[in-house]
Amino acid sequence: MSSASLPAGTPAYRRLMTVLFIGVFMSALDTAILAPVIPALRETFQVDNRQVGLVMIAFILSSLSSTAPLASLGDRYGRRPIYMISIALFALGSLVIALAPTFWMVVLGRAIQGVGGGGIIPTASAVIADALPPKERGRALGLIGATYGMAFVLGPPLAGLVMVTLNWHWIFLANLPIAAFVLYLSVRAIPSQRPQGALPPLDWGGIVILVLLLAALVATVTQILDDMTGQTVWPFTLVAMVLLLPLFIWVERRAQQPLVPMSMFANRQLSLTYLLTVGAGFGMGSVIFLTSIATLAYGVARENAGFALLPMVVCSIMGSMGAGRLLNRLGARTLILVGFALLCVGYGASSLTGFGLWGFLLATMPVGLGVGVVVSGALRTIAIEEAPLAFRGTAQGLINIFTSVGTLLSAAAIGALADFGGAGVAGFSVAYEVVAALMGLMLVLTLGLRKHSPALETLNV
């Protein structure tokens, strides 16, 4: 797939950025508004906490499972049709949820949304890599990270406003006109590019095994099957993961056009980037339990705990936008070092509960800045520059998968560490000391990245 350079500031550039960012914002917003909707779903369909948790599990599993196949299809058939299909599936899932007569239809709708959501961000990132000159990519990818931050700020209050004035169904129905606008604009805005010549068969074996592998991962980390069956199932899903991983590698090495080319991992820079992406996902996911410290250590009411993270969220937006603007000047390696350093300091300070609520709020601010930096465009830029041109979409899809894996692992690890460290605040303090140490390890590993990426060296000649 050939690469084109779309000059910044032109009408075509503005149309492209509009269609990409609206699509990303729509998918991110639906993730952010889920928490306020959960009580309404529980009351409407008379389900318990275990069942309502399936709404999140279905989205995570389907999103993880669809990311690599949709990214690979974008490499094969062009970005525009895959982006439009992803948006259409997300809208279809929203419609199914809004009209669902039963709870299981809601779960189905979230699964359909997840399939679409799994293709939106990696395809949008690959479009940026194809269409924009190198000096513009960092800023654009940084804005994608900032878009996620804005969605998490605006999501809960918007959801509350809709439920007060209308009802929860309209939260999902609102996606339909937005998706229609994105689809209309995509035809004009996204360049139509696809590889030339005959294409090898689609890697169905890789797709099936990857879906089973990710399903086993989700089941092991969330222990959802244990809750549903009342039996201890997770050791068996862990064994399934151990068996499926080498099988997946074996199948991919023999595929004509593999879903995930194993040759990409022979590139030391790419392998290290994906390892750091898991760490970035872990750092991002660790934010979730900070509200537990606010409630247990400082007496913040549960219904107000989310407001205690507002300084952190604002800093996350600032960090993401700032990182995008500074990427070409400082380089990806420097920004990632700064990001993990901020996370290490922030989480370490958050584990100290002797400085009162204001001390806690100040401690969360470097966490927000660090999350904004590490999930912005720096890691994606390295993946764009190091991956072969034909596998740019796949490289971006793997960024999404490894970020999600890190996020899943953080939820399981912090919960286990908090229980191991003792009940209440003491347990969470121990957990966040470990998180800070892990972010410090990521900081050290980042030193293995090249100081100047190839694209930036070219720019500086």
side-chain hydrogen bond (donor to acceptor under 3.5 Å, both in side chains) for Thr394 and Asp75? Distances and angles first, verdict last.
CA-CA 7 Å; Thr394 300; Asp75 289 333; 2.8 Å; yes
Hey, is CZ on Phe21 packed in by over 12 heavy atoms from elsewhere, all under 6.0 Å?
yes
Give a yes or no answer on whether the side chain of Glu252 reaches the backbone of Pro261 with a donor-acceptor pair at less than 3.5 Å.
no
Do Thr407 side-chain atoms and Gly281 backbone N/O form a donor-acceptor pair below 3.5 Å?
yes
What do the steps show when you test Val187 against Met84 for side chain to side chain contact (heavy atoms under 4.5 Å, CB included), and what is the final call?
CA-CA 9 Å; Val187 177; Met84 294 178 69; 3.7 Å; yes
May I have the step-by-step check of side chain to side chain contact (heavy atoms under 4.5 Å, CB included) for Val260 and Met262, ending in yes or no?
CA-CA 6 Å; Val260 180; Met262 291 295 111; 3.9 Å; yes
Quick one: does any side-chain atom of Tyr274 pair with a main-chain N or O of Ala395 as donor and acceptor, under 3.5 Å?
yes
So, Thr44 side chain and Leu41 main chain: donor-acceptor pair closer than 3.5 Å or not?
no
CZ of Phe391 to CG of Leu259: how many Å apart, nearest 0.5 Å?
10.5 Å
Quick one: does Tyr432's side chain have a donor or acceptor within less than 3.5 Å of a partner on Leu290's backbone?
yes
Within this structure, what is the CD-OG1 distance for the pair Glu386 and Thr381, rounded to the nearest 0.5 Å?
11.5 Å
State the CG-OG distance between Leu438 and Ser286, to the nearest 0.5 angstrom.
8.0 Å
Say whether, by atom type as modelled, one donor and one acceptor occur between the side chain of Thr277 and the main chain of Ile399 under 3.5 angstrom.
no
Do Tyr83 side-chain atoms and Leu20 backbone N/O form a donor-acceptor pair below 3.5 Å?
yes
Grab the two heavy atoms, one from Leu369 and one from Cys315, that are nearest each other, plus how far apart they are.
CD2-O, 3.4 Å
May I have the step-by-step check of side chain to side chain contact (heavy atoms under 4.5 Å, CB included) for Arg110 and Val107, ending in yes or no?
CA-CA 5 Å; Arg110 282 296 283 176; Val107 175; 5.8 Å; no
Closest approach of Ala68 and Leu210, non-hydrogen atoms and distance?
CB-CD2, 3.6 Å
For Pro258, is there any backbone N or O sitting under 3.5 Å from a side-chain donor or acceptor partner on Asp203?
no
Taking all heavy atoms of Val127 and all of Ile190, pick out the closest pair and write down the distance.
CG2-CG2, 4.2 Å
In terms of heavy-atom contacts, Ile112 and Leu89 come closest through CG2-O, 3.3 Å
Quick one: list whatever passes side chain to side chain donor-acceptor pair (under 3.5 Å) with Asn175, sequence neighbours left out.
Asp30, Ser94
Any donor-acceptor pair under 3.5 Å linking the side chain of Tyr13 with the backbone of Leu132?
no
One should read off an interatomic distance between Thr403 OG1 and Leu64 CG, to the nearest 0.5 angstrom, of 10.0 Å
Shortest non-hydrogen contact from Ala131 toward Pro191:
CB-CG, 4.3 Å
Check whether more than 12 heavy atoms from other residues, nucleotides or ligands sit under 6.0 Å from atom CZ of Phe265, and answer yes or no.
yes
Going through the checks in order, is the side chain to side chain contact (heavy atoms under 4.5 Å, CB included) test met by Val19 and Arg80?
CA-CA 11 Å; Val19 74; Arg80 185 167 70 187; over 6 Å; no
Keeping the roles fixed (side chain from Ser62, backbone from Phe59), state whether a donor-acceptor pair exists under 3.5 Å.
yes
Restricting to non-hydrogen atoms, name the atom on Ser350 and the atom on Val367 that form the minimum distance, rounded to 0.1 Å.
OG-CG2, 4.3 Å
